[in-house]
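Residue numbering restarts at 1 for every chain, and letters A, B, ... go by the order of the sequence lines.
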Amino acid sequence: DTGVSQNPRHKITKRGQNVTFRCDPISEHNRLYWYRQTLGQGPEFLTYFQNEAQLEKSRLLSDRFSAERPKGSFSTLEIQRTEQGDSAMYLCASSFARELFFGEGSRLTVL
Amino acid sequence: AQTVTQSQPEMSVQEAETVTLSCTYDTSENNYYLFWYKQPPSRQMILVIRQEAYKQQNATENRFSVNFQKAAKSFSLKISDSQLGDTAMYFCASYTLNSGGSNYKLTFGKGTLLTVNP
């Protein structure tokens, strides 16, 4: 399968715990994006990588959030000291040109 | 900043009929792209159709077509011969370079939930 892969698909955690999501993009894609989607809303941009460089971060990305893309391949999104407001679907997408290809998302539930 | 507005939270259509989903956008850029993405229930988002802003001709992909009105900043999606499998959230999105000229970002509307009834 050469699509965008995200793991875990669903994570339930207690408030205050740290969580990490992983995204494996389509192999030849140099751009990688993280979006957050809450129920009934459109995806909101969080951050964007071109190769290993993180080129833009949204104001939505508080200092509890950190994203990395070592070696320009897979990416991780870590949320420290989770809060109930962090409950959402976290979408990863990759691209080479204009079209973004999305993964199935990682759903976070913070209790 | 880019904004994308979808004013129809929900719509429904009978199977085999035609439906049009509305979208307006706002951007100060001249070079941009517009997209409609489909997100079926509990499934990943997939691209339905794409329009380059510099092209005057409306894009068409099989049963899906757009009405791109650049001056009005309007980008509606028409689905002909609706099928049950078209039931999904539909998101309008715009894609431009940021002000620095090097970063690309997709901005989404809030979506329209389309239900196709048998």
Quiz item: Of all of M89(B), Q39(B), R43(B), which one pairs up most often with chain A through heavy atoms under 4.5 Å apart?
Solution: Q39(B)
Flag yes if [X] and [Y] sit in one hydrophobic cluster, no otherwise; membership is Ile, Leu, Val, Met, Phe, Trp, Tyr, and two members link when side-chain heavy atoms are under 4.5 Å apart.
| X | Y | result |
| --- | --- | --- |
| L46(A) | V4(A) | no |
| V19(A) | Y90(A) | yes |
| Y48(A) | L61(A) | no |
| L77(B) | L114(B) | yes |

Quiz item: Looking only at heavy atoms, which two atoms of M45(B) and P43(A) are closest? And how far apart?
Solution: CE-CG, 3.6 Å
Practice problem: Please flag which part of R50(B) lies under 4.5 Å from any non-hydrogen atom of chain A: side chain, backbone, both or neither. | Solution: side chain
Practice problem: Apply ring-ring contact (aromatic ring centres under 6.0 Å, His included) to the pair F45(A) and F108(B), showing each step before the final yes or no. | Solution: CA-CA 9 Å; F45(A) 171 79; F108(B) 288 88; over 10 Å; no
Quiz item: Counting heavy atoms not belonging to Q83(B), are there more than 12 under 6.0 Å from its CD?
Solution: yes
Quiz item: Does Q56(B) CD have over 12 foreign heavy atoms under 6.0 Å away?
Solution: no
Quiz item: Does Y35(A) reach the side chain of L106(B), with side-chain heavy atoms less than 4.5 Å apart?
Solution: yes
Practice problem: Could you look at Q37(A) and say if it's the side chain, the backbone, both or neither that has a heavy atom under 4.5 Å from chain B? | Solution: side chain
Practice problem: Determine, step by step, whether Y95(B) and L100(A) satisfy the side-chain contact (heavy atoms from CB on, under 4.5 Å) criterion, reporting the C-alpha distance in whole Å, the side-chain angles of both residues, the deciding distance to 0.1 Å, and the verdict. | Solution: CA-CA 10 Å; Y95(B) 182 91; L100(A) 270 64; 3.7 Å; yes
Quiz item: Less than 6.0 Å separating the ring centroids of Y37(B) and F102(A)?
Solution: yes
